[in-house]
Each structure stands twice: as C-alpha cells, then as structure tokens.
Amino acid sequence: MDLTHQILTPEALALLMELHKEFAFDRERILLNRQIFQEKVDEGKLPDFLSETKHIREGDWKIVEPPKELEKRRVEITGPAGKINMVINALNSGADIYMADAEDSESPTWKNIIQGQANLREVVRAKPGEVLYRNPDGKEYKLDEKTAVLMFRPRGWHLLEKHVEIGGRHVAATIFDLAMYVYHNAEALLDQDKYLHIYFPKMQSYREAHLVHHLLSMIEDLCSLPRNTVKVSGILIETLPAAFQMEEILFELQSRS
C-alpha cells in the first residue's frame with residue numbers, strides 16, 4: 001500500500017467529508033470578510049478595537065493553565081515534516097518545542113504533504129532508540145529518550161488542497177491537514193498522556209478563532225476524543241486586524257489555548 005492510501009484511509013476520508021460539508025461555506029465567508037476589510041483599509045479606514053467585543057476586553061476571564069509539557073517553553077524551532085531525518089533531528093535538538101510545519105517552511109506538493117503526515121504518524125508511535133531511518137551511507141536516525149514537544153502547523157484558510165475534491169469542490173487545506181493529523185495521531189498521543197498541540201497561522205479575527213474552535217470540537221466528536229484534547233498552543237499574529245483582537249481570539253479559544 002502506498003503512502004497516499006495509508007493516510008487517506010476510508011475512515012479518514014469519511015471524517016474529511018463530514019468536516020468539508022460542515023465548514024466549507026464558513027471558510028468562504030471568512031475569506032470574504034478578509035476581502036471586505038481590506039477594501040475598507042484601501043479606502044482609508046484604519047483598524048481599531050471593536051465596540052461589540054468591549055465586554056470581552058473588560059471582562060473577568062482567563063485561559064486555561066498550560067499543560068505540563070508546555071510549562072517550559074523558552075526555545076521553539078520549526079521546519080518541514082516532509083523528510084523524516086529532519087523531523088528526528090528537530091525532536092532531538094534540545095529545543096522545548098518542535099513545530100512541524102505544513103505551511104511556510106514546507107513546499108506544499110502533494111508528495112510532501114502526504115509524506116509529512118506519514119512521518120509524523122511514525123515518530124509519534126516510535127520508541128526511543130528505535131531506528132526509523134538509515135541513510136545510504138549507513139547513518140541511523142532514532143529518537144532520544146527526551147525529545148521536544150511536538151506541535152503541528154496546518155496550512156492557512158486561504159489555501160486549498162487541490163488533490164482532494166468532495167462534491168466537485170476542492171477541500172480547504174486547513175481542514176485536510178487538521179483532519180489527517182488528528183485522525184492518525186490522537187490515539188497514540190493520548191496513550192502517552194499527551195495532547196495534540198496545534199499552531200495556527202495567519203489568523204485575522206476572533207470570528208476565525210470561533211470557527212477554529214468549532215472545527216476542532218467537531219473533529220474531537222467524530223473521532224470520539226475528550227473535549228479539548230486538541231490544544232491551540234500557538235497563534236501567529238501577522239496582520240493588523242488580529243493585533244486589535246488578540247484578547248477576543250484568546251476568549252474564543254480559552255478552553256484550548
């Protein structure tokens with residue numbers, strides 16, 4: 001069986017289909033809202049704090065305490081997951097966190113995306129000292145006893161996975177990446193008393209955070225996982241709208257963040 005069929009199992013595809021049916025329209029609305037905001041900026045309107053969420057900014061609330069494995073979070077590194085020797089080196093690097101990236105540092109070819117999912121599935125299940133890869137020159141790659149905490153970064157909402165169509169429409173790359181990662185790794189990580197940590201790129205508003213929370217909730221329900229098994233442990237703020245909505249974003253994700 002080739003890697004594509006190992007990742008795109010009938011069960012994983014059934015999960016993807018349900019998520020696509022539920023969230024494809026919401027994704028398009030998110031992208032439309034981004035476009036409308038940009039048009040207003042082009043006309044001279046500056047971003048500002050939102051009046052409708054003033055109660056959140058002034059409210060008495062806080063996010064959950066970080067899981068034990070994230071209490072020490074001083075050094076984080078990132079890199080693509082498409083080469084298993086690079087993944088192993090990153091986990092063995094001595095960093096506190098390794099973010100396996102399907103976005104900026106990965107060329108999102110179909111081969112790389114599928115290989116990356118297969119590599120992460122393999123290292124999640126690997127035992128320390130087990131040889132996972134051997135170079136042609138004989139060099140062996142295996143996990144150390146202590147490794148960095150694994151975090152996964154899916155592709156952003158603006159991208160489609162053009163190799164997968166459901167009902168004649170391409171699947172959102174975000175939904176594809178999250179569905180495959182959670183489906184293939186949740187059980188193994190839970191068996192190790194670990195969470196699934198997600199680093200979410202290019203989030204631009206609290207409404208997008210709201211969508212992410214409900215997407216992850218549905219994945220948990222369809223995979224029979226306890227609520228908040230999937231943690232949003234990283235949010236990349238790289239746009240002005242998000243800079244003015246950081247508290248609201250955390251509020252939407254407070255049980256996960």
Side-chain angles (χ1 to χ4, degrees), residues 1-13 66-155 161 163 173 176-201 223 225 229-231 233-234 236:
M1 181 184 293
D2 64 27
L3 281 181
T4 300
H5 288 93
Q6 290 179 32
I7 298 301
L8 296 181
T9 63
E11 296 81 6
L13 284 173
K68 185 173 180 57
E69 62 262 34
L70 293 187
E71 288 178 350
K72 180 174 178 282
R73 191 175 178 180
R74 298 184 179 90
V75 179
E76 299 185 10
I77 63 172
T78 186
K83 301 285 187 183
I84 194 166
N85 55 328
M86 292 180 66
V87 173
I88 295 167
N89 284 341
L91 289 168
N92 290 341
S93 65
D96 301 314
I97 308 289
Y98 162 54
M99 181 184 67
D101 188 14
E103 235 254 8
D104 286 348
S105 71
E106 180 71 270
S107 177
T109 64
W110 181 241
K111 178 181 178 181
N112 284 346
I113 292 298
I114 294 297
Q115 184 68 62
Q117 292 284 352
N119 290 342
L120 295 177
R121 185 185 61 173
E122 185 168 0
V123 297
V124 160
R125 289 161 173 76
K127 293 179 172 55
E130 178 185 354
V131 177
L132 300 178
Y133 178 73
R134 186 178 286 106
N135 267 347
D137 63 4
K139 182 178 179 180
E140 295 180 343
Y141 292 82
K142 47 195 173 185
L143 293 178
D144 294 340
E145 192 69 37
K146 183 177 182 348
T147 60
V149 175
L150 177 63
M151 197 172 288
F152 176 65
R153 172 173 160 169
R155 288 169 285 176
E161 180 44 77
H163 294 82
F176 178 86
D177 293 345
L178 288 173
M180 295 303 117
Y181 181 70
V182 176
Y183 176 80
H184 286 290
N185 298 300
E187 185 176 350
L189 287 169
L190 285 174
D191 286 345
Q192 301 168 45
D193 294 323
K194 296 178 180 178
Y195 292 98
L196 291 98
H197 295 289
I198 304 299
Y199 185 106
F200 215 90
C223 293
L225 301 173
T229 296
V230 186
K231 300 291 187 184
S233 302
L236 185 56

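- Other residues, nucleotides and ligands place more than 12 heavy atoms under 6.0 Å from the CD atom of Glu71.
- Counting all heavy atoms, side chain and backbone alike, Val131 lies closest to Glu140 at CG2-OE1, 3.6 Å.
- The heavy-atom pair separating Ser93 from Ile77 by the smallest distance is OG-CD1, 3.3 Å.
- By the 30° and 60° cut-offs, the orientation of the rings of Phe152 relative to Tyr181 is parallel.
- Residues Leu150 and His197 come closest through the heavy atom pair O-CB, 3.8 Å.
- Under a 3.5 Å cut-off, the side chain of Asp2 and the backbone N or O of Thr4 do form a donor-acceptor pair.
- Between His184 atom NE2 and Leu189 atom CG the span is 13.0 Å, to the nearest 0.5 Å.
- What you find for Ala188 and Val124 is that their closest heavy atoms are CB-CG1, 3.6 Å.
- Counting only distance, with no hydrogens or angles, the side chain of Asp96 and the backbone of Glu76 share no donor-acceptor pair below 3.5 Å.
- For the pair Glu145 and Pro128, the tightest heavy-atom approach, listed with the atom from each and the gap, is OE1-CB, 3.7 Å.
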Between Leu143 and Asn92, is a side-chain contact (heavy atoms from CB on, under 4.5 Å) present by the stated rule, with each step listed?
-> CA-CA 6 Å; Leu143 293 178; Asn92 290 341; 4.1 Å; yes

Trace of the side-chain contact (heavy atoms from CB on, under 4.5 Å) decision for Phe176 with Ile113 | CA-CA 10 Å; Phe176 178 86; Ile113 292 298; 3.8 Å; yes

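- Counting all heavy atoms, side chain and backbone alike, Pro154 lies closest to Ile198 at CD-CG2, 3.8 Å.
- Here the straight-line distance linking atom OG1 of Thr109 with atom NE2 of His163 works out to 8.0 Å at 0.5 Å rounding.
- The CE atom of Met151 sits 8.5 Å away from atom CE of Met99, with the distance rounded to the nearest 0.5 Å.
- Side chains of Pro201 and Asp104 form no contact here, defined as non-hydrogen atoms less than 4.5 Å apart.
- Atom CG of Leu225 sits about 7.5 Å away from atom CG of Leu196, to the nearest 0.5 Å.
- One N or O on the side chain of Glu106 and one on the backbone of Gly82 form a donor-acceptor pair closer than 3.5 Å.
- When the shell of 6.0 Å around OH of Tyr183 is examined, it contains more than 12 heavy atoms from other residues, nucleotides or ligands.
- Ile114 contributes atom CD1, which lies 8.0 Å from atom CG of Leu3 (distance to the nearest 0.5 angstrom).
- No side-chain heavy atom of Leu91 sits under 4.5 Å from any side-chain heavy atom of Asp144.
- The neighbour count for Glu187 CD, taken as heavy atoms of other residues, nucleotides or ligands under 6.0 Å away, does not exceed 12.
- Contact of the Arg73 side chain with the Pro66 side chain is not registered, since no non-hydrogen atoms from C-beta on lie closer than 4.5 Å.
- Residues Thr147 and Tyr98 have side chains not in contact (no heavy-atom distance under 4.5 Å, counting atoms from C-beta outward).
- No option in Arg155, Glu161, Glu103 other than Arg155 meets the side chain to side chain contact (heavy atoms under 4.5 Å, CB included) test with Pro108.
- A heavy-atom distance below 4.5 Å is found between the side chains of Arg121 and Asn185.
- Counting only heavy atoms from C-beta outward, the side chains of Lys142 and Glu130 never approach each other to under 4.5 Å.
- Classified by interplanar angle (parallel below 30°, tilted 30° to 60°, perpendicular above 60°), the ring pair Tyr141/Tyr133 is tilted.
- The existence of a salt bridge linking Arg153 and Asp101 is confirmed by a sub-4.0 Å separation between a basic side-chain nitrogen and an acidic carboxylate oxygen.
- One distance of note links CG of Leu132 with CD1 of Ile84; it measures 5.0 Å at 0.5 Å rounding.
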